[in-house]
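Worksheet for the structure shown next.
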2 protein chains.
Amino acid sequence: MPVTIRDVARQARVSVSTVSRAISAPDLVRADTRERVLEVVRGLGYQPNPAARSLITGRTGNLGIVVPDLGNPFFPSVLLGVQARARESGNSVFFCDSGQDAVTEEELIRTMARQVDGVVVCASALDDETLAELSTLTTMVLVNRALPGVPSVLMDSAAGMAAVVEHLAALGHRHCAYLNGPVRAWSNQFRRTGLREAACRTGVSLHELGPYEPTFQGGARGVDAALAAGVTAIIAYNDLMALGVLARLAELAVAVPERISVTGFDDIPYAAMCGRPLTTVTMPAELAGRAAVELLLEQLDNADRVTRSPIRELPTALVIRATTAPPAGPARL
Amino acid sequence: MPVTIRDVARQARVSVSTVSRAISAPDLVRADTRERVLEVVRGLGYQPNPAARSLITGRTGNLGIVVPDLGNPFFPSVLLGVQARARESGNSVFFCDSGQDAVTEEELIRTMARQVDGVVVCASALDDETLAELSTLTTMVLVNRALPGVPSVLMDSAAGMAAVVEHLAALGHRHCAYLNGPVRAWSNQFRRTGLREAACRTGVSLHELGPYEPTFQGGARGVDAALAAGVTAIIAYNDLMALGVLARLAELAVAVPERISVTGFDDIPYAAMCGRPLTTVTMPAELAGRAAVELLLEQLDNADRVTRSPIRELPTALVIRATTAPPAGPARL
DNA sequence: CTGAAAGCGCTAACAT
DNA sequence: ATGTTAGCGCTTTCAG
């Protein structure tokens with residue numbers, strides 16, 4: 001049987017309220033009483049029962065995060081940031097993987113809503129209506145997704161993609177393929193925007209392929225179509241796909257970057273570790289996690305005040321490594 | 001204001017106890033009453049307040065998991081397994097990263113202990129005494145660590161390492177280097193055991209180097225020493241290190257596997273995705289996560305019964321890919 | 001089979 | 001500055 005506030009009160013010869021105050025509002029009790037109480041608290045190893053506390057305060061001290069795919073190293077990084085910031089503010093964090101499935105995601109958010117003060121939803125697969133409805137259930141912050149009325153952390157991926165295209169154009173590429181990720185995904189659309197705009201501006205012709213799964217396999221799958229299109233560079237939706245592209249290209253004995261250039265997006269740790277370090281766009285994933293919690297905390301504090309819908313936009317940056325170079329004429333099978 | 005059990009009771013014209021029973025012990029209420037109640041429950045979208053429930057039942061419905069480094073893709077996989085199994089059993093899961101720091105880890109476990117029914121501790125950095133003490137705070141299951149009295153999920157890494165050595169020996173290697181991970185880590189010791197035994201048995205001479213950080217950088221750092229030792233194969237503590245070894249070797253223009261063979265451990269996804277797919281030992285990470293929860297659940301059900309200390313041992317397997325080949329004389333700088 | 005009532009451990013008025 | 005008291009929302013005896 002764990003020690004309760006009563007045990008502490010008895011042994012410190014004070015009332016339970018004094019114990020409660022000594023812990024949650026120390027300046028409301030006289031210094032020596034406080035010391036005596038805290039002494040006993042330490043001695044007994046007392047820790048308040050969070051359930052009881054939550055029942056009355058209405059706060060759980062818990063935050064939640066829902067990600068689409070923990071297998072994508074981008075998300076563990078976000079998790080890291082979320083947890084770090086949450087811990088600083090005395091919160092714990094629930095975690096869930098939706099497996100990129102909208103139905104699962106909705107279910108998970110509903111379940112979480114009951115036991116957290118707020119939830120961070122990453123790269124949601126849900127449509128606007130559903131998401132809007134869910135956002136009424138609990139305080140919500142979106143990552144890599146925008147929705148009127150809901151605060152979100154965005155990464156400027158349009159700018160990132162634009163930088164990729166400009167880099168490729170500067171290298172002399174005129175025909176590039178884009179391997180689409182999930183077409184309905186907000187971030188794919190956003191990336192495409194930056195892509196098209198920059199392609200148009202720099203005069204490179206863009207061959208849009210896909211959609212493909214945003215995975216290693218998905219990327220590998222897109223290669224043949226890209227090669228058939230006679231492009232000199234392949235722009236992948238994300239790093240995982242780019243890694244798949246690289247592998248398939250190696251299988252086909254197409255030299256990278258001599259015959260064809262390849263770019264990724266996200267700058268996952270392995271982008272730098274692989275045989276031929278990947279040119280990609282770096283995303284401040286951990287920072288995004290921290291920012292999301294920050295937004296959550298702000299909402300929580302402002303409880304009843306007018307809820308604006310702040311959008312935190314984080315910068316992205318092109319990282320040029322070893323998979324891009326000037327073109328050497330169209331690479332065909 | 002969320003809907004409470006009273007709202008349901010009122011609208012269904014029954015007492016709160018009936019509502020409670022209709023939900024948690026359906027067979028205790030007459031079918032038609034139950035239907036009426038559940039109807040209202042659905043209509044109102046009622047969900048019991050977990051804090052209130054937990055206060056009285058003593059169960060939180062939450063599980064926790066502590067990992068040393070989410071940046072190592074092995075652990076997201078374990079998380080995935082934990083979460084999947086937890087969800088099947090109606091539990092939520094708290095997650096924490098200790099950053100490989102013993103003090104942080106202890107603190108995290110203490111905090112979690114209050115709000116979960118049980119906790120899965122992965123690759124703990126804690127000493128036996130501390131861990132034993134913490135295990136009295138809540139139900140605990142260890143992953144990749146053994147401790148008398150505490151159930152654990154182990155992966156047979158000794159066998160895995162033995163398989164690596166045998167494979168190398170069969171290829172004709174006589175001098176191998178082992179790049180140690182954290183020496184105090186239980187899993188490093190276990191891996192070393194299998195290593196030494198097999199080395200002895202197959203007559204290969206082992207050069208133990210390190211310890212190094214179990215990361216990409218750590219692996220890269222170990223290469224020069226290994227080369228200086230004149231070995232023909234480098235056995236890394238884990239895949240991350242092996243990837244670092246590969247990168248450093250590439251920098252040094254030492255051909256893999258022609259001049260030197262390299263092996264990893266864990267079979268993280270990128271082991272197969274990198275330029276030269278890594279020969280490694282596959283660890284059933286996700287399965288381990290599931291098994292850990294299973295063990296936890298068993299403990300929880302047996303509450304007061306004699307607690308044996310079951311050890312679930314999961315098999316590992318050598319995966320031969322492209323970084324191992326017969327030796328070509330000692331590779332020196 | 002259903003209802004009434006007693007708390008679970010804690011915090012937050014309200015007194016003193 | 002400290003104590004008293006009334007619940008938070010729910011489950012669980014105990015009656016009926």
Side-chain angles (χ1 to χ4, degrees), chain A residues 1-41 44-62 90 111 113-117 137-138 303, chain B residues 1-41 44-62 90 111 113-117 137-138 303:
Chain A
M1 205 56 210
V3 21
T4 79
I5 199 173
R6 279 167 205 285
D7 302 325
V8 178
R10 196 172 316 121
Q11 188 163 336
R13 311 183 150 277
V14 293
S15 72
V16 293
S17 18
T18 302
V19 177
S20 175
R21 282 187 284 250
I23 293 174
S24 356
D27 26 312
L28 291 188
V29 347
R30 214 174 49 208
D32 59 334
T33 326
R34 189 198 320 148
E35 265 328 300
R36 184 155 40 96
V37 172
L38 294 181
E39 194 73 21
V40 177
V41 164
L44 260 38
Y46 168 72
Q47 282 191 273
N49 179 322
R53 178 178 273 181
S54 146
L55 193 52
I56 191 159
T57 60
R59 282 260 200 143
T60 62
N62 298 333
T111 309
R114 290 296 314 204
Q115 30 197 335
V116 301
D117 297 331
L137 260 37
T138 181
Chain B
M1 206 56 210
V3 20
T4 79
I5 200 174
R6 278 166 206 284
D7 302 325
V8 178
R10 196 172 316 120
Q11 189 163 337
R13 310 184 152 278
V14 293
S15 71
V16 293
S17 9
T18 301
V19 176
S20 175
R21 281 188 283 251
I23 293 174
S24 358
D27 26 313
L28 290 188
V29 343
R30 214 174 48 208
D32 59 335
T33 325
R34 189 197 321 147
E35 265 329 301
R36 183 154 41 95
V37 172
L38 294 181
E39 194 72 23
V40 177
V41 165
L44 260 38
Y46 168 72
Q47 283 190 275
N49 179 323
R53 176 179 274 181
S54 147
L55 194 52
I56 192 160
T57 61
R59 282 259 201 147
T60 62
N62 298 332
T111 310
R114 290 296 315 206
Q115 30 197 337
V116 300
D117 297 331
L137 261 38
T138 181

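We use all heavy atoms of the structure for the numbers below, so side chains are in, but hydrogens, waters and symmetry mates are not. Every chain is numbered from 1, with letters handed out A, B, ... down the list of sequences. None of these values were measured; they are calculated from a predicted model.
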- Query: Do A:Pro2 and B:Arg114 have side chains that get closer than 4.5 Å, going by heavy atoms?
  - Reply: yes
- Query: Tell me, do A:Arg36 and A:Thr33 make a side-chain contact under 4.5 Å, heavy atoms counted?
  - Reply: yes
- Can you tell me the distance, in whole Å, between the CG atom of A:Asp27 and the P atom of D:dT2? 13 Å
- Note on the structure: Side-chain contact check for B:Thr4: nearest option of D:dT11, C:dA12, D:dG9 is D:dG9
- Message: Any side-chain N or O of A:Thr18 below 4.0 angstrom from OP1/OP2 of D:dG3?
- Response: yes
- For the side chain of B:Thr57, counting heavy atoms from C-beta on, which of D:dT11, D:dC10, C:dA4 is nearest? D:dT11
- Assess whether one donor atom and one acceptor atom, taken from the side chain of B:Ser17 and the base of C:dA4, lie less than 3.5 Å apart. yes
- Item | Residue mapping more 5' on DNA chain C - nearest nucleotide basis, B:Arg34 or A:Ile56 | B:Arg34
- Note on the structure: When rounded to whole Å, the CZ to P distance for the pair A:Arg6 and C:dG7 reads 10 Å
- Query: Rounded to the nearest Å, what distance is computed from the CD1 atom of residue A:Ile5 to the P atom of nucleotide D:dT4?
  - Reply: 14 Å
- Task: Report which part of the nucleic acid A:Thr33 touches: base, sugar-phosphate, or nothing (heavy-atom distance under 4.0 Å, all strands).
- Result: sugar-phosphate
- Item | Rounded distance in Å - CG (B:Asp7) to C1' (D:dC10) | 13 Å
- 5'-most contact on DNA chain D: A:Val29 or B:Tyr46, nearest heavy atom basis? A:Val29
- Item | Verdict with supporting geometry, B:Asn49 and B:Thr4, side-chain contact (heavy atoms from CB on, under 4.5 Å) | CA-CA 8 Å; B:Asn49 179 323; B:Thr4 79; over 6 Å; no
- Task: Take A:Ile23 and A:Arg53 through the side-chain contact (heavy atoms from CB on, under 4.5 Å) test and state the conclusion after the steps.
- Result: CA-CA 12 Å; A:Ile23 293 174; A:Arg53 178 178 273 181; 4.0 Å; yes
- Query: Between C:dC10, D:dT2, D:dC8, which nucleotide gets closest to the side-chain atoms of A:Leu55?
  - Reply: D:dC8
- Query: To the nearest Å, how far apart are A:Arg10 CZ and D:dG3 P?
  - Reply: 14 Å
- Query: Please give, in whole Å, the distance from C:dT16 P to A:Arg21 CZ?
  - Reply: 15 Å
- Query: Would one find a side-chain N or O of A:Arg30 under 4.0 angstrom from OP1 or OP2 of D:dT2?
  - Reply: yes
- Side chain of B:Ser20 - closest among D:dG9, C:dG9, D:dT11: D:dT11
- Task: May I have the distance from A:Asn49 (atom CG) to D:dG9 (atom C1'), rounded to whole angstrom?
- Result: 14 Å
- Query: To the nearest angstrom, how far is A:Arg59 atom CZ from C:dA12 atom C1'?
  - Reply: 16 Å
- Give a yes or no on whether the backbone of B:Val16 and the side-chain of B:Ser20 come within a donor-acceptor separation of less than 3.5 Å. no
- Message: Both A:Val16 and A:Asp32 contact DNA chain D. Which one's nearest nucleotide lies toward the 5' end?
- Response: A:Asp32
- Note on the structure: Checking C:dA4, C:dC8, C:dT11 against the side chain of A:Arg53 (C-beta onward), the nearest is C:dT11
